[in-house]
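Because only heavy atoms are used, hydrogens play no part in the values below, and waters and symmetry mates are left out as well, while side chains stay in. Positions are given from 1, in the same order as the sequence printed here.
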Amino acid sequence: MANTVGVLGQECFDLKSKVISDSFMNPTDFVSPTDHHDEIPTVDYSLLFSDDHDEQAKSLEHLGKACQGFGFFYLVNGVPESVVEGALNGISDFFELTKQEERSEYLKKNSMDRIRWGLRSHAGENREFLKVVAHPQHHCPSKPANFRDAIGEYFKRMHEVELVLSKAISKILGYEETYIEKEFKLEAGFEVSAMNLYPPSFQSKGSIGVPDHTDPGLFVSLIQDVNGGLQMLSHNGKWISVNIPRNAIFINLGDHLEILTNGKYKSHIHQVILDNNEVKRISMATLHGPSLDAFIAPAPGFVDETHPPAYRGMTYRESLELNGGDEIDVQSSLSELRLPIPI
């Protein structure tokens, strides 16, 4: 994770800035994931620690290329399809079977909210959302019946996947398997899930579902009931449309893995576009973060005389609050944590 880290980290950031300023005049200017070399890789979770050592080695190598070459990938054979479908059905029930007055009970109350509901309907953002803290303690509205159990089972399974992925990534980076788990204190990791209801395009106040951003944490996992909408900004400055295969979960690396690796792995800018939404769409993005008191800075293995630290270190809680947000907002502060390159 070292190699050309310092300079390339800034070059990538400059490229992102340029592309954002150019591309957002036309947010649908993206490429299909099947164009050229933009096909999003698929990682088979079941092979990462296979008893077949050759299979395991190939799978870990493939994961390493996906992390460094893309920064995002589809994960298959991680969480049972029935659990994913149960979670999505539970979210649908929450938005469909409860009244808006009931949901508004979870409007922002204070900075320590562990459940928060919101409705955005303007040119820059169009969605209804429910955010809950999923770990280390699972918080959830009491209605509708079975909602808590449905998403709770998904959170439990996905946390297990997070721990295994952290071991696999630690291993491909040349560290002991538990390295990231210990550095991030994942046993007490702060995880927030954002459950989103996007309107069909004819009902939206603009083409943007969620504006461009990166996400803090180790990585983000995404499931949805209808494909389309999410776009990733690739290393080469192209918008890639994400179409999650059946039985797959989309994984996008987070800000704090970029910080830990001093820029070798990148947290990518992404956005949600509604132009092709013929029907309403449900998604759940879960941000798998370090413990709030975990101090995250570039690891010594990725820093040397020619590759100085590219980011400031601070606790996860401090980074979430750096821009004035609350913990449950899980707001990125990556640009503020980036250090200037010494001349």
Inset, instruction - Evaluate the criterion side-chain contact (heavy atoms from CB on, under 4.5 Å) for residue pair F250 and N252; output intermediate values, then yes/no. - result: CA-CA 7 Å; F250 184 68; N252 180 33; 4.0 Å; yes
Legend entry - Under 3.5 Å: donor-acceptor pair, side chain of H122, backbone of G206: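 No; zero donor-acceptor contacts below 3.5 Å.
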Inset, instruction - Kindly say whether G263 contributes a backbone atom to a donor-acceptor pair with the side chain of E258 at under 3.5 angstrom? - result: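 Side chain of E258 to backbone of G263, a donor-acceptor pair under 3.5 Å: no, none is there.
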Side chains of [X] and [Y]: is there a donor and an acceptor less than 3.5 Å apart?
X	Y	answer
N323	S333	no
N277	S201	no
S111	D326	no
Y198	E128	no
Q271	H213	no

Legend entry - S166: which of L257, L218, T178 passes side chain to side chain contact (heavy atoms under 4.5 Å, CB included):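 Result: among L257, L218, T178, L218 is the only option passing the side chain to side chain contact (heavy atoms under 4.5 Å, CB included) with S166.
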Show the nearest heavy-atom pair for residues [X] and [Y], with the distance to one decimal.
X	Y	answer
H268	M232	CB-CE, 3.9 Å
L287	P216	CD2-CD, 3.8 Å
P211	I208	N-CG2, 3.5 Å
G209	E125	O-CG, 3.2 Å
T315	F295	N-CD1, 3.8 Å
I115	I328	N-CD1, 3.7 Å

Inset, instruction - Would you sort out whether C140 and H138 count as a side-chain contact (heavy atoms from CB on, under 4.5 Å), showing the intermediate values? - result: CA-CA 7 Å; C140 185; H138 171 206; 3.7 Å; yes
Would you give the length of the straight line joining atom [atom1] of [X] to atom [atom2] of [Y], rounded to the nearest 0.5 angstrom?
X	Y	atom1	atom2	answer
I172	C67	CD1	SG	5.0 Å
N110	R114	CG	CZ	9.5 Å
F155	S193	CZ	OG	4.0 Å
I273	D212	CD1	CG	9.0 Å
M314	L337	CE	CG	5.0 Å

Measure the shortest side-chain to side-chain distance between [X] and [Y] over non-hydrogen atoms and say whether it is less than 4.5 angstrom.
X	Y	result
R338	Y311	yes
Q231	I240	no
R312	L339	yes
V132	P141	yes
Y74	V242	yes
Y154	P80	no
D215	S332	no
V161	H159	no

Please report, to 0.1 Å, the donor-acceptor pairs under 3.5 Å made by any side chain of residues 85-92, with sequence neighbours excluded.
{"unit_1": "N89", "atom_1": "ND2", "unit_2": "E85", "atom_2": "O", "d": "3.2"}

Inset, instruction - Output all residues satisfying salt bridge (charged side-chain N to carboxylate O under 4.0 Å, His left out) with E96, sequence neighbours left out; order by chain, then residue number. - result: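 Salt bridge (charged side-chain N to carboxylate O under 4.0 Å, His left out) check on E96 returns K280.
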Inset, instruction - May I ask you to decide whether D225 forms a salt bridge with R281, counting only side-chain N to carboxylate O separations under 4.0 Å? - result: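 So D225 does not pair with R281 through a salt bridge.
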Got more than 12 heavy atoms from elsewhere within 6.0 Å of [atom1], [X]?
X	atom1	answer
E278	CD	no
E160	CD	yes
K99	NZ	no

Is it the case that one hydrophobic cluster holds both [X] and [Y], taking links as side-chain heavy atoms less than 4.5 Å apart, direct or via other members?
X	Y	value
I151	V192	no
L48	F73	yes
F184	L322	yes
M158	I180	yes
L75	I169	yes

Inset, instruction - Could you please spell out the steps behind the salt bridge (Lys or Arg N to Asp or Glu O under 4.0 Å) verdict for D329 and R116? - result: CA-CA 9 Å; D329 292 328; R116 187 174 289 175; 3.0 Å; yes
Inset, instruction - Any chance you could lay out the side chain to side chain donor-acceptor pair (under 3.5 Å) test for S204 and N126, step after step, and finish with the verdict? - result: CA-CA 6 Å; S204 70; N126 289 270; 4.9 Å; no
Inset, instruction - Could you check whether the rings of F219 and H288 sit parallel, tilted or perpendicular, using 30° and 60° as the cut-offs? - result: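 The rings of F219 and H288 sit tilted, inter-plane angle from 30° to 60°.
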Legend entry - Parallel, tilted or perpendicular: ring planes of F72 versus F70, cut at 30 and 60 degrees: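 Geometry flag for F70 against F72: perpendicular rings.
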Inset, instruction - Return each pair, listed once, that meets salt bridge (charged side-chain N to carboxylate O under 4.0 Å, His left out) where at least one residue sits in residues 139-149; pairs must be two or more places apart or across chains. - result: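 Every pair satisfying salt bridge (charged side-chain N to carboxylate O under 4.0 Å, His left out) with a residue in residues 139-149: E102-K143.
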Legend entry - Selection residues 315-324 - residue pairs positive for salt bridge (charged side-chain N to carboxylate O under 4.0 Å, His left out), sequence neighbours left out: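 Salt bridge (charged side-chain N to carboxylate O under 4.0 Å, His left out) check on residues 315-324 returns R317-E327.
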Legend entry - Charged tip of K182 within 45° of Y179 ring normal and under 6.0 Å: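 So K182 doesn't make the cation-pi contact.
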Legend entry - Distance under 6.0 Å and angle within 45° of ring axis: R127 vs F129: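 Pair R127/F129 counts as cation-pi.
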Inset, instruction - Please assess Y316 against H256 for the test ring pair (Phe, Tyr, Trp, His ring centres under 6.0 Å), listing each intermediate value before the final yes or no. - result: CA-CA 8 Å; Y316 192 47; H256 288 75; 4.8 Å; yes
Pairs of donor and acceptor atoms involving the side chains of residues 51-64, under 3.5 Å and at least two apart or interchain, shall be tabulated with distances.
{"unit_1": "D52", "atom_1": "OD1", "unit_2": "D54", "atom_2": "N", "d": "3.0"}
{"unit_1": "D52", "atom_1": "OD1", "unit_2": "E55", "atom_2": "N", "d": "3.1"}
{"unit_1": "E55", "atom_1": "OE1", "unit_2": "S50", "atom_2": "OG", "d": "3.3"}
{"unit_1": "Q56", "atom_1": "OE1", "unit_2": "K171", "atom_2": "NZ", "d": "2.9"}
{"unit_1": "Q56", "atom_1": "NE2", "unit_2": "S50", "atom_2": "O", "d": "2.9"}
{"unit_1": "H62", "atom_1": "NE2", "unit_2": "T42", "atom_2": "O", "d": "2.8"}

Legend entry - Pair L334-I259, side-chain contact (heavy atoms from CB on, under 4.5 Å): steps then yes or no: CA-CA 8 Å; L334 186 62; I259 292 169; 4.0 Å; yes
Inset, instruction - Kindly give the cluster partners of L47, where membership spreads through any ILVMFWY side chain lying under 4.5 Å from a current member. - result: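 In the cluster with L47 there is nothing else; it is isolated.
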Inset, instruction - Given side-chain contact (heavy atoms from CB on, under 4.5 Å), test L253 with K266 step by step and report yes or no. - result: CA-CA 7 Å; L253 303 186; K266 296 293 190 295; over 6 Å; no
